[in-house]
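Notes follow the structure.
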Amino acid sequence: MSKRTLLVTSALPYANGPIHLGHLVEYLQTDIWVRFQKQRGHVCYYVCADDTHGTPIMLRAISEGISPEALIAKVGKEHLADFTEFGIVFDNYHSTHSPENQALSRLIYERLRDGGHINSRSITQAYDPVKEMFLSDRFIKGECPKCGAADQYGDSCEACGATYSPTDLKNAVSVLSGEKPITKDSVHYFFNLANFSDMLQDWTTAGHLQPEVSNKLKEWLEQGLKEWDISRDAPYFGFEIPDAPGKYFYVWLDAPIGYMASFKNLCDKQGLDFDAFWAKDSNAELYHFIGKDIIYFHALFWPAMLKGANFRTPSAIFAHGFLTVNGEKMSKSRGTFIKARTYLEHLNPEYLRYYFAAKLSAGVDDIDLNFDDFSQRVNADLVGKVVNIASRCSSFIHKRFEGQLSDVCSEPELFQQFVDANQTIAEFYESREFGKAMREIMALADKANQYIDEKKPWLMAKVEGQERELQQVCSMGINLFRLLMAYLKPVIPVLATEAEKFLAIESQPWPVTATPLIKHAINPFEALMTRVEADKIQAIVDASKENLQATAPTVKAKQFEPIAPTIEFDDFAKIDLRIAKIIKAEHVEGAEKLLQLTVDIGDETRNILAGIKSAYAPEALEGKLTLVIANLAPRKMRFGLSEGMVLAAGPGGKDIWVLSPDEGATAGMRVK
RNA sequence: GGCGAUAUAGCUCAGUUGGUUAGAGCACGGGAUUCAUAACCCCGGGGUCGGUGGUUCAAAUCCACCUAUCGCCA
């Protein structure tokens, strides 16, 4: 087995929200693959970073009242903590908002520009005149021009599926301010992807991609490649384009460069040769694990950018499917939108690592997390089958032989059979057929249990003179267990490490040339893993439902007029609000909208003319408690003097609602 | 709307270039066992392979259409 050099990445999580179980499919898949490579003795670096740029980050920082830098620092820390507790070990975890990324983004941009791959021209876009920023399609809502459905985004209608441009929307408003967007021109920069059509035609069919991905891309390539808008106008959180003040790199331009930047950062820390991995003639292998939703960026833009900037292209891109829970899309209301943190608060992360491994393949199919299947699978496979082998053998070894394994291997052929399986299992791991690898390993576990069952050590224990055989059978079981743990180590590293402690052995390499432990003392057995408790799963679902209420959507179409400018408490204190009792209410001769109210505000009564005739009959008001502004300057109206104002809400007409206090308040009390 | 993927036992999934009675794990039923975290071992029931039509000596597999689910449309 020759030594390979690999650089592996997972897609960068966006710094706009927490890690959830859907994200984890990818990071666990990558981590398992990387651990496997390392266990095999290859040189393998696994780098990742937080994806930190773009309008959503900027807006969220504003809504939280902190700087974007503070926001991404906070979220980045949370992300890394979640990953770490799931056993995902990066060789480096960086940020796209880093000097390395800025320098590399700039370098790549300049090389593309100098190579004639960047164009610029003015385009017309929707613009929010209040927030003073351009609006992408997702920030405009209105009625679908085709079917009239309300509350649809600027690019397509969720109700009828029509696609259109934001200018087609009826009654369009900015999601940010509620204002009607205007259109405005601005110069944008474009990456001319079509220059790379031939190169991509070859690259996408040269074995770098899964066949289904390759087919998908063929479709896009046949339609002809369009230029890619890589710039955004200020205000934007990102990197300013070097030769274009006020213009920023679109987040998707610098995000994949973040892979390089994170690795550059690692190189600087560890003295590695960056060019050995990224130069055009690099011999290192470069792999990107991604979700199938971002294939376009990774299989077209990214290789083209690298090519155009004179860097090497990826060895392969591995796309995976999405996670469904109980057969359905993850849903906040069903409690199946589960954050990594919520899971960690209740269940052992290795359960999920094993479960995902058992279901993952090299394809792009979605995988389903079925809670019943999850606990059955984990309990049956890991606890019932694998750990059980150690459990059932170690008791004899300790009770009868002081922890000493026998001095011979009684079944060398069986042991060798387990060692020989390493090749098949390794092939499955290598090709990301983790489900098949797990099945293979569990078949070995079954074999081990069958062996013990056949030998019946518990009968030997009762027969005098069979001590030696008893020790041999149990030692054999322990040795088989050891190999199983070596094979499972990429998936369940914590359990594997615990098992190594129990076995009193060094960290296990991939068992290509393993020999049985002979005359070896092991440590007392302690439960290595406990069963999944069903109530914990329910607790996760419940907690996920609660999260929903805690995290109300932050960006929502504004239905109401914008909040007025902030005032100080002193401003508020100037307003003297009083509880008032309506003593008398009557129509005003000749007035269309007004009612005349006589109200008791404690020590005095007032005459108030209120514009609420359209919504209230006078007799319905008499005796009612309400709120009035008592120190409003009296106002002379056509029908008389109004000595205050009754508080009411609503758009008008029949929809006016007079405010009233809770029971117990009495006329004259001041509101404060 | 266009395009793609998927649809196999109660559940989660295998089924290589079309080729005997369609497989596994879990669940279920029966038996055996008691060393082991009620684990393990043996046996068994259960599927008109989403639907309809076609090609073929032969279709889960190839083709067409339909239905459902998921995704993509830069």
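Proteins get letters first, then strands, A, B, ... in listed order; numbering begins at 1 in each. Since the model is a prediction, treat every value here as computed from it, not as a measurement.
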Handout entry: Rounded P spacing from B:C73 to B:C13 in Å
Key = 25 Å
Handout entry: Side-chain H-bond candidate by donor/acceptor type, A:Asp185 with A:Ser122, under 3.5 Å
Key = no
Handout entry: Separation between the P atoms of B:C11 and B:A64, rounded to whole Å
Key = 30 Å
Practice task
Could you measure between the two P atoms, the one in B:C70 and the one in B:U8, and give it in whole Å?
Solution key: 15 Å
Handout entry: Separation between the C1' atoms of B:C62 and B:G18, rounded to whole Å
Key = 7 Å
Exercise for the section: Please identify each residue that fulfils ring pair (Phe, Tyr, Trp, His ring centres under 6.0 Å) with A:Tyr259, with sequence neighbours left out. Expected result: A:His288, A:His298
Practice task
Only stems of 3 or more consecutive Watson-Crick or G-U pairs count here, both distances under 3.5 Å; name the ones for RNA chain B, or none.
Solution key: B:1-7 with B:67-73, B:10-13 with B:23-26, B:28-31 with B:41-44, B:50-54 with B:62-66
Exercise for the section: Grab the two heavy atoms, one from A:Ile389 and one from A:Ala448, that are nearest each other, plus how far apart they are. Expected result: CD1-CB, 3.6 Å
Exercise for the section: For residues A:Ile118 and A:Ile230, determine if any side-chain heavy atom of one lies less than 4.5 Å from a side-chain heavy atom of the other. Expected result: yes
Exercise for the section: Report the distance from atom CD of A:Glu350 to atom P of B:U37, rounded to the nearest whole Å. Expected result: 20 Å
Fill in the blank from the handout: Contacts of A:Phe36 meeting ring pair (Phe, Tyr, Trp, His ring centres under 6.0 Å) (sequence neighbours excluded), chain-then-number -> A:Tyr429, A:Trp510
Distance-only criterion, 3.5 Å: show the donor-acceptor pairs between side-chain atoms of residues 393-404 of chain A and protein atoms not counting sequence neighbours.
from	atom 1	to	atom 2	distance (Å)
A:Ser394	OG	A:Ala390	O	2.9
A:His398	NE2	A:Asn523	O	2.9
A:Arg400	NH1	A:Ala461	O	3.2
A:Arg400	NH2	A:Ala461	O	3.3

Exercise for the section: Could you check whether A:Ile389 gets within reach of a base, just the sugar-phosphate, or nothing at all, counting any heavy atom under 4.0 Å? Expected result: nothing
Problem - Atom pair distance, as rounded to whole Å: CG in A:Asp381 and P in B:G25 - result: 11 Å
Exercise for the section: Name the closest nucleotide to the A:Ser391 side chain, picking from B:A36, B:C72, B:U34. Expected result: B:A36
Practice task
Starting from the 5' end of RNA chain B, give me the residue, A:Thr324 or A:Leu193, whose nearest nucleotide shows up first.
Solution key: A:Thr324
Problem - By side chain to side chain contact (heavy atoms under 4.5 Å, CB included) - contacts of A:Asp381 (at least two apart) - result: A:Tyr354, A:Arg377, A:Lys385, A:Met442
Handout entry: No-hydrogen, no-angle side-chain donor-acceptor test under 3.5 Å, A:Tyr355 and A:Asp373
Key = yes
Problem - B:C43 and B:U33, which share atom name C1', separated by this distance in whole Å - result: 15 Å
Handout entry: Same-atom distance (C1') from B:A5 to B:A32, integer angstrom
Key = 47 Å
Exercise for the section: Please measure how far the C1' atom in B:G46 lies from the corresponding atom in B:A9, and state the result in whole Å. Expected result: 6 Å
Fill in the blank from the handout: Residue set satisfying side-chain hydrogen bond (donor to acceptor under 3.5 Å, both in side chains) with A:Thr324, at least two apart, ordered chain then number -> A:Asp368
Fill in the blank from the handout: To the nearest angstrom, the CE-P distance between A:Met460 and B:A36 comes to 16 Å
Exercise for the section: Could you check how far NZ of A:Lys456 sits from C1' of B:A36, rounded to whole Å? Expected result: 14 Å
Problem - Whole-Å gap separating C1' (B:A36) and CD1 (A:Ile478) - result: 11 Å
Handout entry: Short side-chain N/O contact from A:Lys436 to OP1 or OP2 of B:G25, under 4.0 Å
Key = no
Exercise for the section: With sequence neighbours excluded, tell me which residues meet ring pair (Phe, Tyr, Trp, His ring centres under 6.0 Å) with A:His346. Expected result: none
Practice task
Check every strand shown and say whether A:Val364 touches a base, only sugar-phosphate, or nothing at a heavy-atom separation below 4.0 Å.
Solution key: nothing
Practice task
Write down the distance between CD1 (A:Ile295) and C1' (B:A5), rounded to a whole number of angstrom.
Solution key: 11 Å
Exercise for the section: For A:Asp293 and B:A5, give me the distance from atom CG to atom C1', rounded to whole Å. Expected result: 15 Å
Exercise for the section: Starting from the 5' end of RNA chain B, give me the residue, A:Cys393 or A:Lys226, whose nearest nucleotide shows up first. Expected result: A:Cys393
Report all interatomic pairs (protein N or O, nucleotide N or O of nucleotides 9-13 of chain B) with separations under 3.5 Å.
from	atom 1	to	atom 2	distance (Å)
B:U12	O3'	A:Lys359	NZ	2.6
B:U12	O2'	A:Lys359	NZ	2.5

Handout entry: Results of side chain to side chain contact (heavy atoms under 4.5 Å, CB included) for A:Val25 - residues two or more places apart only
Key = A:His320, A:Leu323, A:Phe356, A:Leu360, A:Ile367
Exercise for the section: Identify whether any heavy atom of A:Gly477 sits under 4.0 Å from a base atom; if not, whether one sits that close to sugar-phosphate; answer base, sugar-phosphate or nothing. Expected result: nothing
Handout entry: Pairs meeting criterion salt bridge (Lys or Arg N to Asp or Glu O under 4.0 Å) with involvement of residues 474-489 of chain A, two or more places apart
Key = A:Lys489-A:Glu500
Tabulated below should be each protein N or O lying under 3.5 Å from an N or O of nucleotides 40-47 of chain B; please produce it.
from	atom 1	to	atom 2	distance (Å)
B:C40	O2'	A:Arg392	NH1	3.0
B:C41	O4'	A:Asp453	OD1	3.4
B:C41	O4'	A:Asp453	OD2	3.2
B:C41	O2'	A:Asp453	OD2	3.1
B:C42	OP1	A:Gln450	NE2	3.4

Practice task
Pick the P atom in B:A27 and in B:A39, then give their distance to the nearest Å.
Solution key: 8 Å
Exercise for the section: Specify whether A:Trp252 and A:Phe297 have parallel, tilted or perpendicular ring planes, treating 30° as the upper limit for parallel and 60° as the lower limit for perpendicular. Expected result: parallel
Handout entry: Between P of B:A14 and CG of A:Leu360, the distance in whole Å
Key = 11 Å
Practice task
With heavy atoms under 4.0 Å as the rule, sort A:Met442 into base, sugar-phosphate or nothing.
Solution key: nothing
Exercise for the section: Tell me what A:Phe374 touches on the nucleic acid: a base, only sugar-phosphate, or nothing, going by heavy atoms under 4.0 Å. Expected result: nothing
Exercise for the section: Would you classify A:Phe301 as touching base, sugar-phosphate or nothing, given that sugar-phosphate means primed atoms plus P, OP1 and OP2, and contacts are heavy atoms under 4.0 Å? Expected result: sugar-phosphate
Fill in the blank from the handout: Residue set satisfying ring pair (Phe, Tyr, Trp, His ring centres under 6.0 Å) with A:Phe318, at least two apart, ordered chain then number -> A:Trp33, A:Tyr287, A:Phe289
